[in-house]
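Heads up: the structure comes next, in structure tokens.
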Amino acid sequence: MIQADDLRFFLEVARTGRLVAAARALGVEHTTVGRRVSQLERAAGTRLFDRTPGGWELTEAGQALLVHAEAIESSLLAASEELGSARGRLSGTLRIAAPDGFGAFVLSPGLGPLRTDYPDLTVEVVTETRLSLLATREFDIGIALEEPTTRGVRSRPLARYGLSFYASPDYLSRRGRPAGLADLASHPMIGYVDALLDIPALRFLDEALPGVRPAVQTNNVTGQWMAAIAGLGIAVLPDFIASEDGRLVRILEEKTMERTYWIAVPSEHQRLARTRAAESALVELVRAHRHLRAA
């Protein structure tokens, strides 16, 4: 007889592909995870994982069980949420994972309506511009710069946003204003640390200035914004960050870029009322924002 509690261990191994990672997420020893998975396989009467050098991979039987295990998990989460909240009110914790720029300049300042509607709901905003942020699935809603490929996550386009070249007035008075892209070769550029950049959509300079290596590199857009304000060079910045900042000037107005934010929700959280409420709030936030366009 399959024990429901064993499914927790099965799901975590299925999502991480490794015993150690699953154990870390569950807060137990990896030997415990291995023992519970083996116990589940004996109860199911079949092997659920192939143990490979690259990790634990679901067998055909494991794939079949995964659908039911996620449905059970989703039902338990929804029941727990409903029983733990007063009628008509949402409580608990909602975690939103987002890239640095969106999290700091759009999401955090725009949480007011959600907090007004659901004052008992605690909102956690976790920011990082790395693909690994969504791979952990440790979020209720994720915002991504590319369509997520994580298994068991439903995603759709959320918003389009523009980017332009910006520099400080002081910098332009010292170095002159570029008249075209070719002129940028003689200017110090500000961009991402190439070795830490695992999202192709953020390779703005590669697109506009192939072969140009940024003179100042940071691992997040906030650092690039501040470096541009300090007059260290020219940066490609989202218009929702820089266009209304009086400390920066938009240059090369004819050269702009556009990117898409995606919204992602793990399958086990899709039925939760707090997730649905937050997803609706994000759609409204994008619709009301002057520098974002609904995708």
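The chain is numbered in sequence order, starting from 1.
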Closest approach of [X] and [Y], non-hydrogen atoms and distance?
X      : Y      : result
Pro109 : Ala104 : CD-O, 3.4 Å
Leu26  : Phe9   : CD1-CD2, 3.6 Å
Ser155 : Trp262 : OG-CE3, 4.4 Å

Please report the interatomic distance [atom1]([X]) to [atom2]([Y]), rounded to the nearest 0.5 Å.
X      : Y      : atom1 : atom2 : answer
Asp140 : Thr275 : CG    : OG1   : 4.5 Å
Arg42  : Leu48  : CZ    : CG    : 11.5 Å
Arg160 : Arg293 : CZ    : CZ    : 6.0 Å

Distance-only donor-acceptor check, side chains Asp239 and Ser164, under 3.5 Å: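 Yes - a donor-acceptor pair under 3.5 Å links their side chains.
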Give every donor-acceptor pair under 3.5 Å between a side-chain atom in residues 181-189 and any protein atom, sequence neighbours left out.
from	atom 1	to	atom 2	distance (Å)
Asp183	OD2	Ala179	N	2.8
Asp183	OD2	Gly180	N	3.3
Ser186	OG	Asp183	O	2.9
His187	ND1	Tyr171	OH	2.5

query = Just wondering, more than 12 heavy atoms not from His30 lying within 6.0 Å of its NE2?
reply =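 Atom NE2 in His30 is not packed in, count stays at 12 or less.
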Atom CD of residue position Glu29 - does it have more than 12 heavy atoms of other residues, nucleotides or ligands inside 6.0 Å?
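Count not over threshold, so no.
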- Side chains of Ile190 and Gln217 in contact at under 4.5 Å (non-hydrogen atoms):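 Sidechains of Gln217 and Ile190: no contact.
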**Prompt:** With a 4.5 Å limit on heavy-atom distance, are the side chains of Ile251 and Pro178 in contact?
**Reply:**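 A side-chain contact exists here, since the closest heavy-atom pair is under 4.5 Å.
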Any ion pair linking [Y] and [X] (charged N to carboxylate O, less than 4.0 Å)?
X      : Y      : value
Arg213 : Asp194 : no
Arg47  : Glu60  : no
Glu244 : Arg290 : yes

task = Could you label the plane-to-plane angle of the Trp225 and Phe105 rings as parallel, tilted or perpendicular, counting under 30° as parallel and over 60° as perpendicular?
result =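 Trp225 vs Phe105 ring planes: perpendicular.
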**Asked** For the residue pair Tyr161 and Phe102, is the inter-centroid distance of their aromatic rings smaller than 6.0 Å?
**Response**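 That pair fails the under 6.0 Å test.
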Do Leu114 and Val125 belong together in a cluster built from hydrophobic side chains that touch within less than 4.5 Å?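 Same cluster.
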